[in-house]
Amino acid sequence: MRVLVFTNDAGAVFQSAVIRGATAVLDAAGRRVEVVEVGPQAPASALPRGVGAADGALVLASALSEPALRELWRSAGAVTLVSHLASEARVPAVLHDNAQGMRQLVEHLVACGRRSFVYVRGDVTQVDGRQREEAFREEVLRHGLEVGEDDLLEGGFVPEVARASVARLARARDDFDAVVAADYLMAIAAVEELRSAGVSVPGRVSVVGFGDGPEASTAGLTVVAADVEELGRRAARQLVAQLEGGRLTGYTLLSTRLVVRATSAP
């Protein structure tokens with residue numbers, strides 16, 4: 001009774017929280033969890049031998065390519081995706097409501113009087129990265145504001161990449177009053193870099209991020225809370241339902257909640 005969990009970085013903050021949530025549910029259901037680390041968008045050749053002998057599998061955040069997903073679906077049968085979507089519509093998935101979260105962040109910043117936005121991008125090869133950026137663009141336009149290509153900073157869900165991008169921004173420009181980051185760790189890096197450059201947060205610039213965790217609370221960061229462990233729990237419950245004979249398709253969206261702290265309201 002073995003369940004495989006595919007990830008490209010089991011120790012990363014997001015992935016480790018998903019795995020904790022999933023493992024709690026699977027342990028209670030008598031399923032042994034085996035974490036398999038692969039490169040991003042890993043090919044079918046990266047699947048371990050005996051994958052078909054597993055009871056089922058969870059796949060986190062684009063860890064497997066489409067051909068690998070098709071092979072896994074054919075071999076294991078019971079599969080649930082986490083923060084990922086497959087072209088094979090029958091594969092069930094669980095994601096956070098990225099559009100809802102970005103709407104909450106942008107609306108809050110507009111209510112704070114902010115009008116000139118900069119966005120720190122996630123990894124656009126991942127569903128969360130693509131959906132959050134698309135939702136950000138749509139929400140800014142909905143409020144009659146404009147965002148150009150120069151307002152989109154590289155981040156890739158890597159705080160140090162985000163930090164370097166914000167440092168370059170602070171040296172080159174002072175015409176922005178809001179920074180929205182695709183995740184909260186990049187937002188924390190943005191706050192730290194702006195303050196080290198002498199930019200008042202939130203006096204002159206508001207900073208917000210997607211997702212929440214102890215680090216965000218400690219930093220006083222305004223976020224939309226997205227329960228990552230619940231993402232893992234919900235995905236694991238879907239997988240157990242499949243293993244018990246249930247037929248699931250489509251995707252499930254988990255709601256987000258605005259948490260206002262000290263980095264957004266001037």
Side-chain angles (χ1 to χ4, degrees), residues 83 85 95-157 161-195 197-212 216 219-226 251 253-266:
S83 290
L85 292 172
L95 309 93
H96 282 122
D97 192 335
N98 291 310
Q100 179 192 44
M102 277 298 162
R103 182 170 62 252
Q104 291 168 332
L105 289 176
V106 173
E107 286 181 345
H108 172 65
L109 290 172
V110 169
C112 290
R114 302 312 194 183
R115 293 294 182 271
S116 183
F117 286 65
V118 169
Y119 182 70
V120 184
R121 310 171 78 185
D123 182 348
V124 294
T125 68
Q126 297 182 14
V127 170
D128 282 340
R130 292 195 301 274
Q131 288 188 349
R132 289 173 195 175
E133 185 167 328
E134 290 167 3
F136 169 77
R137 289 174 180 264
E138 290 172 3
E139 285 303 313
V140 169
L141 287 174
R142 192 169 68 85
H143 287 278
L145 307 175
E146 295 183 1
V147 173
E149 290 303 311
D150 291 343
D151 301 317
L152 304 176
L153 308 184
E154 291 306 314
F157 292 136
V161 174
R163 185 185 302 277
S165 295
V166 172
R168 289 191 293 271
L169 174 74
R171 288 194 299 267
R173 297 169 49 188
D174 62 1
D175 60 345
F176 60 96
D177 59 15
V179 175
V180 179
D183 80 358
Y184 69 91
L185 294 175
M186 294 195 300
I188 293 170
V191 171
E192 292 172 349
E193 193 57 42
L194 287 170
R195 287 175 173 165
V199 178
S200 174
V201 178
R204 189 173 76 76
V205 176
S206 296
V207 180
V208 298
F210 200 108
D212 197 14
L221 182 73
T222 293
V223 298
V224 283
Y251 58 88
L253 292 180
L254 302 188
S255 296
T256 60
R257 175 176 55 88
L258 180 67
V259 180
V260 178
R261 297 191 179 111
T263 62
S264 56

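For R114 against A178, the heavy-atom pair with the smallest separation is CB-CB, 3.9 Å. Contact detail for C112 and A265: the closest heavy-atom pair is SG-CA, 4.0 Å. Summarising the geometry of V161 relative to G155, their closest heavy-atom pair is CB-O, 3.5 Å, with the distance given to 0.1 Å. Taking every heavy atom of both residues into account, M102 and A135 meet most closely at CB-CB, 3.7 Å.
Within the 3.5 Å criterion, the main-chain N or O of S116 finds a donor-acceptor partner in the side chain of D177. For R130 (side chain) and V124 (main-chain N/O), a donor-acceptor pair under 3.5 Å exists by modelled atom type.
Remark: the S83 side chain and the D128 side chain contain an N/O donor-acceptor pair separated by less than 3.5 Å. Using a 3.5 Å distance cut-off with no hydrogens or angles, the side chains of S206 and S264 do not pair a donor with an acceptor. With 3.5 Å as the limit, one finds no donor-acceptor pair spanning the side chains of S165 and E154.
You'll find the side chain of L254 stays beyond 4.5 Å of the side chain of D97, heavy atoms only. Inter-residue side-chain proximity for V180 and F117 is flagged as met; some heavy-atom pair is nearer than 4.5 Å. The shortest side-chain heavy-atom distance between V224 and V259 does not fall under the 4.5 Å cut-off. Residues R115 and L145 have side chains in contact (heavy-atom distance under 4.5 Å, counting atoms from C-beta outward). You'll find the side chain of E134 stays beyond 4.5 Å of the side chain of R137, heavy atoms only. Within the 4.5 Å cutoff, the side chain of L185 has no heavy atoms near those of the F157 side chain. In this structure, R261 and D212 have side chains that are in contact, with non-hydrogen atoms separated by less than 4.5 Å. Here the side chains of V191 and R195 are in contact, with some heavy-atom distance below 4.5 Å.
Rounding to the nearest 0.5 Å gives a distance of 4.5 Å between CG of L221 and OG1 of T263. In this structure, CD in Q104 is found 8.5 Å from OG in S255, a value given to the nearest 0.5 Å. To the nearest 0.5 Å, atoms CD (Q126) and CG (L85) are separated by 12.5 Å. Within the model, atoms CZ of R163 and CD of E192 stand 4.5 Å from one another, a figure rounded to the nearest 0.5 Å. Considering CG of L105 and CD of Q100, their distance stands at 10.5 Å, rounded to 0.5 Å. Here the straight-line distance linking atom CE of M186 with atom CZ of R121 works out to 10.5 Å at 0.5 Å rounding.
Ring geometry for H96 against F210 counts as tilted: the plane angle lies between 30° and 60°, on a 0 to 90° scale.
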Query raised in the report: Do T222 and L258 pass the side-chain contact (heavy atoms from CB on, under 4.5 Å) test, and can you show the C-alpha distance, the side-chain angles, and the key distance before you say yes or no?
Result: CA-CA 8 Å; T222 293; L258 180 67; 4.3 Å; yes
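A salt bridge links D151 with R173: the closest approach of a Lys/Arg side-chain nitrogen to an acidic carboxylate oxygen falls below 4.0 angstrom. With salt bridges taken as basic N to acidic carboxylate O contacts below 4.0 Å, one links E107 and R142.
Among V207, V199, V201, V208, the single residue meeting the side-chain contact (heavy atoms from CB on, under 4.5 Å) criterion with V179 is V207.
Figure legend: R204 and F176 shown as a cation-pi pair, the cationic atom lying under 6.0 angstrom from the six-membered ring centre and within 45 degrees of its axis.
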